[in-house]
Structures are given as structure tokens and as C-alpha cells.
Peer 1: 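Sharing a structure, written as C-alpha cells. Questions coming.
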Amino acid sequence: MIRRRRPGVTGLLAACFVLSLGCVGATAAPSPPDPAAAAGTVTPDVHCVLPAGQGEATGPQEMTVELSPAVVEPGGKVHATVTLGPSPATSAIELKDVPTIPSLDLAMSGGATGTVTVRGAEFSMDVPAETHIEIPTYEGDFLVPADASGEISFAPIRTLTQTKVFGSVFETPCDVVGGGGSIGTVTAEGSASEPATLTAPADPVRPNTAVKLGGSGWTPDAAPVPSLCAVGGGGCDPLKFTAHTLRIDSYGTLTGTATLGEAGAVPDGSYEVKVNDGTKEATAPLTVEAVAAGNREITLSSDSGPVGSVITVSGRNYNPDRWINVIGLDASGTTLDDSAVYAKSGADGTFAVEFTVISDAVAAVQADEGNDPATVRTAPFTVTTGGGGGGSTAEQQVSTQVRAGTLSMTQDGDTVDFGTTVLGEGSGVQRAHLNRVEVQDARGVNSGWSLTATLTGFTSPDGSTIPAGAVRWAPACTAQDGSVGAPVAGSPTVLGSEAASLCRMNPDGSRPFTGGKFDAEAGLALTVPEFTRPGDYSATLTLTLL
């Protein structure tokens with residue numbers, strides 16, 4: 001039996017094989033609550049934006065937050081225990097042991113203003129398919145402002161769930177859009193200790209670069225942690241910095257750098273950088289701007305030469321970590337498609353790539369960033385040799401359109417037969433071969449894909465069983481001619497309810513996209529337990545393409 005999604009829908013695809021066998025012969029705990037703590041509950045309407053193009057979801061979600069202690073000094077630490085009801089968000093596929101980091105933004109009013117973030121520790125969870133996702137109760141700390149005074153009320157304004165799947169971090173933000181209100185209060189009393197200070201660059205900084213930070217008044221010899229926050233203090237995320245060299249000396253002086261993530265993770269905009277040393281924190285404004293001041297520019301290592309010349313095309317003031325398309329133009333400005341080459345800009349927004357002059361029709365070289373017409377730049381080039389006298393030329397404009405296809409798979413058959421085992425004779429090992437599966441990726445993107453399998457246990461009509469772990473496989477996969485990218489076969493392993501990799505395509509940063517047709521196969525070995533009741537057994541192997 002084959003399970004398919006309707007045509008035109010990409011994403012999760014599944015297929016099932018029926019495995020059969022005939023047997024004949026002889027029988028074979030959270031922290032304890034603060035006494036002064038009180039929990040408040042609200043059920044606001046939230047609007048969630050799902051990752052990986054899965055759409056949006058809106059609906060009510062119950063939120064319970066317990067804050068302790070009830071009274072803190074200005075700048076003091078508050079501990080929060082967060083319990084969330086089922087979210088409107090769902091997953092299209094079932095996922096196992098997904099590393100997850102939850103957080104909740106709380107808006108302050110009364111004795112302090114701004115936003116604080118309760119960020120839980122990373123944990124692993126199972127995500128069921130098509131079921132409202134419910135995050136287990138988690139805990140985190142935050143500091144009230146150093147100038148806080150009196151009763152502070154806290155109201156939830158956004159949840160953020162970060163999941164690490166297939167080597168990437170996916171974010172699901174859910175903003176409170178209605179209802180809500182205060183979930184509790186904390187009173188700030190007393191005098192604050194000396195506040196820490198934080199300095200950051202006043203000029204815009206680029207993604208994927210080290211940002212110099214400094215300050216004084218910090219806890220001596222403490223361990224500082226940088227986060228990138230929205231203006232006002234919400235959405236603080238330490239993952240937006242991929243590394244840092246920050247340290248605090250014995251005098252409480254902060255020095256070092258924090259390296260921002262790539263442009264895809266840290267878009268252009270105004271932010272606040274926050275540093276927390278466990279007992280103190282401070283923020284400073286930070287502007288991220290991927291493209292430096294000035295127009296994008298390209299230059300050629302030579303502006304003339306014969307056909308076959310190899311020149312270097314260089315550019316600057318481009319977005320970092322972006323694909324740059326470089327192509328030749330003829331005298332009318334028509335692109336010479338056979339001449340196209342690609343380069344990826346560096347963290348500083350520059351690139352360099354070799355370009356071959358393929359014919360005497362080349363009159364200029366053009367570069368653009370990700371096919372954006374606003375980024376097109378050209379430089380003239382003169383071919384110094386070519387054609388004899390006389391004759392004439394004519395031109396015709398030729399055009400076409402290319403549309404993205406889908407990620408799909410087909411299989412050569414849906415039945416695998418291990419044959420007949422005679423108990424007490426031979427080794428009890430039966431071998432077979434998985435029907436060939438062809439994966440076609442016509443999306444024209446560089447997101448990769450994964451083909452995995454699960455296997456149920458074998459059962460017979462009288463209820464006898466053979467465990468799924470009795471089957472072991474050795475995967476193999478290859479790219480068909482003309483395909484872009486190198487698939488990776490899964491490791492030999494036993495099959496069962498946990499997804500085993502048959503074949504996968506990893507995102508490849510060395511090329512603008514992957515795609516084509518790929519063949520996946522596997523040798524199968526079934527070891528029949530020595531003491532198995534005779535009968536006809538079958539199991540179902542399910543393939544999942546994502």
C-alpha cells in the first residue's frame with residue numbers, strides 16, 4: 001500500500017511496504033515552590049507563525065506563571081515557573097526527541113516598565129503529528145530593573161519555542177493578540193547595588209561578525225552571557241550570538257566580543273544587546289545592517305582580452321552569506337546563459353569569482369544578489385579577437401519561465417517477501433531487498449531532505465509475533481545523472497519504531513541549490529528467533545520523506 005499526499009503539496013511524504021514471512025516446522029522533578037510565591041493564570045488568544053512555511057495558527061492558550069520571591073531588591077532576581085496549556089500550533093509530522101528551548105516574554109507595569117524574558121533550559125520532547133503542541137512546565141530566572149520601585153505587575157505578551165531539527169534552529173513565535181492581563185506581581189523594595197554598565201558600537205554592525213562590548217560595575221570574575229533582544233527588552237535570545245570571548249576581571253570590568261549569527265538568523269534592524277552575569281545585567285542599543293554604507297560595486301581584473309580569457313570578478317557592499325549570480329551580457333544586454341558562475345559573499349559583504357569569456361559576443365559582465373533586480377551591477381568588457389570582415393547580424397529575443405516543482409518519491413513495488421524459514425534448519429537468517437525508491441527534488445532550493453523508515457513488529461493471524469528488531473538493513477543511495485548534490489546513505493542498523501535513515505541530502509553551502517533524482521535501496525536481513533510459532537507473518541515498513 002502506498003500513502004501519498006495530494007499532487008502539488010510538498011513537505012512530508014510517506015510510503016509503506018508490507019513485509020511477509022512464512023514459517024513451518026517445529027515450535028520455536030521541579031524545584032519546591034517559594035512559600036511566598038503565588039501562581040496566576042490567564043487564557044489569552046495567541047497568534048502563532050509556524051516555521052518552514054507551515055502557515056499560521058490562532059486560538060486560546062492557557063498560561064500559568066508562578067513568581068517568587070514576592071519581594072525583591074531593585075535589580076534582584078525573580079524565579080518563574082511557567083506552565084502552558086496546548087498551543088494552537090501543530091506539526092505536520094511526528095518528531096522524536098526534538099531538542100527544544102521554550103521562553104516567555106512578560107511586560108512589566110507599575111513599579112517598573114519594559115519587558116523581561118523567562119527562558120527555560122533546553123530539553124528533548126516528542127512532537128506528535130496534527131496535535132496541539134504542549135510544552136512541559138519549565139523554569140527560568142530574570143532580573144527586575146535596577147530602578148524598580150514598588151509593586152510590579154507582569155503580563156504575558158509572547159511565547160517563543162525554538163526547536164533544533166535537521167541541523168537547523170526553527171522558531172515558533174506566538175504573540176498575545178487578545179485577552180491576557182496580569183499573571184502576578186512582585187514588589188521591589190530597598191536600595192539597589194551599583195548598576196552595571198554596558199557599551200556597544202554606536203555604528204551599525206554586520207551579521208556574522210564579532211561585536212566589541214565593554215562595561216564596568218559587574219560581579220567580579222563572574223561568567224557573562226550575551227543575548228540579543230528586541231528594543232524594550234523582549235525576545236532575548238542567546239542563540240543569536242554564535243560565540244563570545246566576554247570576561248569579567250576581578251575589578252568588575254567587562255571586555256571582549258560577541259559574534260552575531262548569519263544574516264538569515266539576524267535580520268537588519270534595531271536591537272538591544274543584553275549581558276547577564278547571573279546577578280547583574282545591563283543592555284545597550286545595537287543596530288544590525290548587513291549592507292555597509294555605499295552602493296554595491298563590481299570590478300573586473302581585466303576589462304579586455306581574447307575569447308577564453310579567465311578574469312576575476314570582485315564585488316563589495318553586498319549582503320553577507322548570499323549567493324551572487326555572475327553572467328556575461330552581449331551588446332544588446334541579453335544574458336549569455338552558458339557563461340553563468342556563482343559565488344557566495346563573505347561576512348564582510350565582498351566576493352570574488354573567476355569568469356570565463358566564452359565567446360566574442362561578451363560585451364559586459366553582470367552581477368546580482370539573489371536575482372534581485374535592484375542589486376544588478378555591470379562592468380564593460382571588450383573581446384580583442386574574433387570574426388572576419390563582411391556579413392551581418394540579426395537578433396531575436398528568446399525567453400522562458402521556470403517554476404518550482406515539488407519534493408516527491410516513487411517506489412518500484414510495495415511488497416517484500418523474505419521467503420520461508422524452516423525452524424531448526426540453517427541459520428534462520430532470510431535475506432531480501434527493499435524495492436528501489438526514487439526521490440525527486442524539483443524545488444530548486446538548498447534546504448535538503450531526509451528519507452527515513454520505521455517498521456512494525458511481525459504478526460500472524462493467530463496473534464503470534466516476531467519483533468521488528470529481528471530485521472536489519474544496509475542502506476545505499478546514489479544520484480542519477482544530472483542531479484545536483486551528493487546524497488548520504490544511512491548507517492546499517494536494526495529497524496523498529498525509531499526512524500532509521502535510508503538516505504538524506506544535507507544543505508550544501510557550496511552551491512546555490514540541490515535537486516534532481518536520487519535512488520535509495522537497502523539490503524534486508526531477517527533473523528527468525530529460534531523459538532517461533534509456525535505461521536504466516538507480516539509487518540509494515542513506512543518510509544517518510546521530509
Peer 1: If we count only N and O atoms by modelled type, under 3.5 Å, do the side chains of Thr64 and Thr83 hold a donor and an acceptor together?
Peer 2: no

Peer 1: What are the two closest non-hydrogen atoms of Leu524 and Leu434, and how far apart are they?
Peer 2: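 For Leu524 versus Leu434, the nearest heavy atoms are CD1-N, 3.9 Å.
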
Peer 1: Salt bridge or not for Lys164 and Glu122, using N-O below 4.0 Å?
Peer 2: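 Here Lys164 pairs with Glu122 in a salt bridge, since their nearest N and O are under 4.0 Å apart.
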
Peer 1: Apply side-chain hydrogen bond (donor to acceptor under 3.5 Å, both in side chains) to Thr257 and Thr245, showing your working.
Peer 2: CA-CA 5 Å; Thr257 63; Thr245 63; 3.2 Å; yes

Peer 1: Once rounded to the nearest 0.5 Å, what's the spacing between atom CG of Asp414 and atom CG of Leu541?
Peer 2: 12.0 Å

Peer 1: When rounded to the nearest 0.5 angstrom, what distance separates CG in Leu106 from OG1 in Thr117?
Peer 2: 8.0 Å

Peer 1: Does one side chain, of Asp277 or Thr219, offer a donor that lies under 3.5 Å from an acceptor on the other?
Peer 2: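 Per modelled atom types, Asp277 and Thr219 side chains form a pair under 3.5 Å.
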
Peer 1: Side chains of residues 209-217: which donor-acceptor pairs under 3.5 Å do they make with residues two or more places apart or in other chains?
Peer 2:
unit_1, atom_1, unit_2, atom_2, d
Thr209, OG1, Arg206, O, 2.5
Ser216, OG, Thr197, OG1, 3.2

Peer 1: If you round to the nearest 0.5 Å, how far is CZ of Arg472 from OG1 of Thr493?
Peer 2: 5.5 Å

Peer 1: Side chains of Asp45 and Gln61 only: does a donor on one sit below 3.5 Å from an acceptor on the other?
Peer 2: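 Side chains of Asp45 and Gln61: no pair found under 3.5 Å.
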
Peer 1: Answer with yes or no whether the side chains of Thr58 and His47 bring together a donor and an acceptor at under 3.5 Å.
Peer 2: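 Their side chains do contain a donor-acceptor pair, which is all the 3.5 Å distance test asks for.
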
Peer 1: Can a donor-acceptor pair be found, under 3.5 Å and without considering hydrogens, that links the side chain of Thr456 to the backbone of Thr540?
Peer 2: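 Answer holds: yes.
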
Peer 1: Nearest 0.5 Å, please: how far is OG1 in Thr161 from CD1 in Ile133?
Peer 2: 7.5 Å

Peer 1: Of the non-hydrogen atoms in Ala290 and Asp268, which two are nearest, and what is the gap between them?
Peer 2: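 Taking every non-hydrogen atom into account, N-OD1, 2.8 Å.
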
Peer 1: Decide yes or no on side chain to side chain contact (heavy atoms under 4.5 Å, CB included) for Tyr537 and Leu526, but give the supporting numbers first.
Peer 2: CA-CA 12 Å; Tyr537 290 80; Leu526 168 64; over 6 Å; no

Peer 1: Using 0.5 Å steps for rounding, measure from the CD atom of Glu171 to the OG1 atom of Thr163.
Peer 2: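 The OG1 atom of Thr163 is 9.0 Å from CD of Glu171, to the nearest 0.5 Å.
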
Peer 1: Would you please indicate yes or no on a ring centroid separation below 6.0 angstrom for Phe518 and Trp449?
Peer 2: yes

Peer 1: Look only at the side chain of Asn319 and the backbone of Arg322, and say whether a donor-acceptor pair between them is shorter than 3.5 Å.
Peer 2: no

Peer 1: Taking all atoms of both residues into account, what is the closest heavy-atom pair of Ala196 and Ala282, and its distance?
Peer 2: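 Result for this residue pair: O-CB, 3.6 Å.
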
Peer 1: State, to 0.1 Å, how close Asn446 and Phe513 come at their nearest heavy-atom pair, and which atoms those are.
Peer 2: CB-CA, 3.9 Å

Peer 1: Does Asp175 use its side chain to pair, donor to acceptor, with the backbone of Val177 at less than 3.5 Å?
Peer 2: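 Not confirmed, Asp175 side chain does not pair with Val177 backbone.
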
Peer 1: For a quick test of reading the model, state the closest non-hydrogen atom pair linking Val275 to Pro224 and the distance between them.
Peer 2: CG1-CB, 3.7 Å

Peer 1: Inspect the surroundings of NE2 in His132 and state if more than 12 heavy atoms from other residues, nucleotides or ligands are less than 6.0 Å away.
Peer 2: no

Peer 1: What pair of heavy atoms forms the shortest contact from Asp105 to Gly235, and how long is it?
Peer 2: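 Taking every non-hydrogen atom into account, OD2-N, 2.7 Å.
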
Peer 1: How many angstroms lie between atom CG of Leu545 and atom CD of Gln440, to the nearest 0.5 angstrom?
Peer 2: 11.0 Å

Peer 1: Would you call Lys96-Glu94 a salt bridge at under 4.0 Å N-O?
Peer 2: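 Salt bridge flag = yes for Glu94 with Lys96.
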
Peer 1: Is Ser87 reaching over with its side chain to a backbone N or O of Ala89, donor-acceptor style, under 3.5 angstrom?
Peer 2: yes

Peer 1: Are any side-chain N or O atoms of Glu130 and backbone N or O atoms of Ile93, one a donor and one an acceptor, separated by less than 3.5 Å?
Peer 2: no

Peer 1: Are the side chain of Ser460 and the backbone N or O of Ser464 linked by a donor-acceptor pair below 3.5 Å?
Peer 2: yes

Peer 1: Pick out which of Thr100, Asp237, Thr172 makes a side chain to side chain donor-acceptor pair (under 3.5 Å) with Gln162.
Peer 2: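 In the set Thr100, Asp237, Thr172, the residue that makes a side chain to side chain donor-acceptor pair (under 3.5 Å) with Gln162 is Asp237.
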
Peer 1: Checking side-chain polar atoms at under 3.5 Å, does Ser153 have a donor or acceptor matched by the opposite partner on Ser182?
Peer 2: yes

